[in-house]
Amino acid sequence: MAQKFAIFDIDGTVIRWQLFHSVVSELINRQQINEAAAASIKLAHATWKRRDSEDSFVTYEKVLVKAYFEAMQHISVPVHDAAIDSVFSEYKDQVYTYTRDLIRDLKARDYLLFAISGSQQEIVSKFADYYGFDAAVGAQLEQVDGQFTGNFVSPAQHGKQASLDKLLQQYDLGHAGSYAVGDTESDAVLLAAVENPIAFNPSAGLYKIARKRSWPIVVERKNVTYELGPHDGQYLLA
């Protein structure tokens, strides 16, 4: 019998926050991002927390990403690695119980586990190793002579479908029995590619897609998990 696979987004799907954002916050704490950029990130974050507009989170992310990659040209690899290690140590166990248990159960059933994330490859790999994933794909940060250039290649930037296709080719896998779990629109291509898609704590954009395609939705709130199944264009508790 051919081996089956499951693919997980990481940020907001397994971990309860965003690894990429946490690395930027750690670099700010280490005074590696200038005060003006840090202030702009703080303001954009506060605007999102107030939910001033539907796209306030997207705006916040754009401000954060811009500040990060401008700063990267002046941050050494050892300093960045230290920030990665600190974030990993703090967040490695701050995960959702639903996806943590699903990872455990699928691994026990001999599934190959893959992670695809827009966060830095360095921290995605650490996280994947910690939870027993077989492979992980994250953002690749270009280095020249031990210094970051500010250039990068990210699955979130170029589409996660290409990353999935490479993994399936590398491991010679089919789609039978496959799972995918994600929380935003960028994960929709992964969910569309498997037999068992799960929209987990979906963003408004992913919710619309899931509803259109009748994908199951799972919501974890505090210490309760709600599994919602599609029924006549609506969702009912499973």
Side-chain angles (χ1 to χ4, degrees), residues 3-21 91-119 123-139 154-156 159-168 171 173-230 235 237-238:
Q3 193 163 16
K4 300 173 183 178
F5 76 90
I7 190 155
F8 290 79
D9 173 51
I10 297 296
D11 300 304
T13 299
V14 180
I15 192 170
R16 289 179 176 268
W17 181 225
Q18 309 284 324
L19 294 175
F20 192 103
H21 296 196
Y91 286 96
K92 66 181 186 296
D93 295 312
Q94 295 186 34
V95 294
Y96 288 104
T97 58
Y98 175 83
T99 43
R100 180 194 65 193
D101 293 347
L102 182 60
I103 289 168
R104 179 200 62 203
D105 294 345
L106 291 173
K107 191 170 183 64
R109 292 162 56 189
D110 201 31
Y111 270 71
L112 286 173
L113 301 181
F114 302 138
I116 296 181
S117 171
S119 291
I123 196 165
V124 173
S125 294
K126 282 179 174 290
F127 193 92
D129 289 345
Y130 186 70
Y131 282 94
F133 281 71
D134 296 282
V137 181
S154 169
K160 294 185 177 182
Q161 181 68 57
S163 298
L164 175 58
D165 290 344
K166 288 181 180 179
L167 288 169
L168 297 184
Y171 288 87
L173 298 171
H175 291 79
S178 53
Y179 281 78
V181 190
D183 70 321
T184 65
E185 299 95 311
S186 68
D187 302 315
V189 293
L190 304 180
L191 273 62
V194 300
E195 287 193 351
N196 299 288
I198 300 171
F200 180 73
N201 288 344
S203 65
L206 182 58
Y207 171 76
K208 291 177 182 177
I209 297 171
R211 185 172 181 177
K212 182 179 180 180
R213 301 192 180 188
S214 297
W215 289 340
I217 290 176
V218 176
V219 176
E220 182 173 328
R221 174 69 175 165
K222 295 183 179 179
N223 62 342
V224 180
T225 298
Y226 306 89
E227 298 188 31
L228 306 174
Y235 280 92
L237 279 172

Nearest heavy-atom pair of [X] and [Y]: which atoms, and what distance?
X      : Y      : result
Val14  : Thr99  : CA-OG1, 3.5 Å
Asp183 : Asp187 : N-OD2, 2.9 Å
Thr13  : Tyr96  : O-CD1, 3.6 Å

Test your reading of the model: is there a side-chain donor-acceptor pair from Glu220 to the backbone of Thr225, 3.5 Å cut-off?
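Not at all, since once roles are kept as given, no pair shorter than 3.5 Å links the two residues.
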Indicate yes or no: at least one non-hydrogen side-chain atom of [X] is less than 4.5 angstrom from one of [Y].
X      : Y      : value
Phe8   : Phe133 : yes
Lys160 : Ser186 : yes
Val181 : Leu190 : no
Val219 : Tyr98  : no

List the residues meeting side chain to side chain contact (heavy atoms under 4.5 Å, CB included) with Val194, not counting sequence neighbours, and say none if there are none.
Phe5, Ser178, Ala180, Pro197
With Ser119 via side chain to side chain contact (heavy atoms under 4.5 Å, CB included) - residues at least two apart:
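Only Asp11, Leu19, Phe20, Ser117, Ile123, Val124 meet the side chain to side chain contact (heavy atoms under 4.5 Å, CB included) criterion with Ser119.
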If you measure from CG on Asn196 to NZ on Lys4, what distance do you get to the nearest 0.5 Å?
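So the CG of Asn196 and the NZ of Lys4 are separated by 8.5 Å.
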Please report the interatomic distance CZ(Arg16) to OH(Tyr91), rounded to the nearest 0.5 Å.
13.0 Å
Checking Leu237 against Leu228 for the side chain to side chain contact (heavy atoms under 4.5 Å, CB included) test, could you report, in this order, the C-alpha distance in whole Å, the side-chain angles of both residues, the deciding distance, and whether it holds?
CA-CA 5 Å; Leu237 279 172; Leu228 306 174; 3.6 Å; yes
For residues 100-115, please give each side-chain donor-acceptor pair under 3.5 Å, one per line with the distance, not counting sequence neighbours.
unit_1: Lys107; atom_1: NZ; unit_2: Gly132; atom_2: O; d: 2.7
unit_1: Tyr111; atom_1: OH; unit_2: Gly177; atom_2: O; d: 2.7

Worked check of side chain to side chain contact (heavy atoms under 4.5 Å, CB included) between Ile7 and Leu164
CA-CA 8 Å; Ile7 190 155; Leu164 175 58; 3.6 Å; yes
Could you note down all residue pairs passing side chain to side chain donor-acceptor pair (under 3.5 Å) where residues 126-136 supplies at least one of them, sequence neighbours left out?
Asp85-Lys126, Asp93-Tyr130
What pairs meet the side chain to side chain donor-acceptor pair (under 3.5 Å) rule with one or both residues in residues 198-217, with sequence neighbours excluded?
Glu185-Ser203
Please determine whether side chain to side chain contact (heavy atoms under 4.5 Å, CB included) holds for the pair Phe127 and Ile15, giving the CA-CA distance in whole Å, both sets of side-chain angles, and the decisive distance to 0.1 Å.
CA-CA 9 Å; Phe127 193 92; Ile15 192 170; 4.3 Å; yes
Could you list the residues that satisfy side-chain hydrogen bond (donor to acceptor under 3.5 Å, both in side chains) with Asp165, not counting sequence neighbours?
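With sequence neighbours excluded, Asp165 shows a side-chain hydrogen bond (donor to acceptor under 3.5 Å, both in side chains) to Gln161, given in chain and number order.
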Give the C-alpha distance, both sets of side-chain angles, the deciding distance and a yes or no for side chain to side chain contact (heavy atoms under 4.5 Å, CB included) between Ile217 and Tyr226.
CA-CA 8 Å; Ile217 290 176; Tyr226 306 89; over 6 Å; no
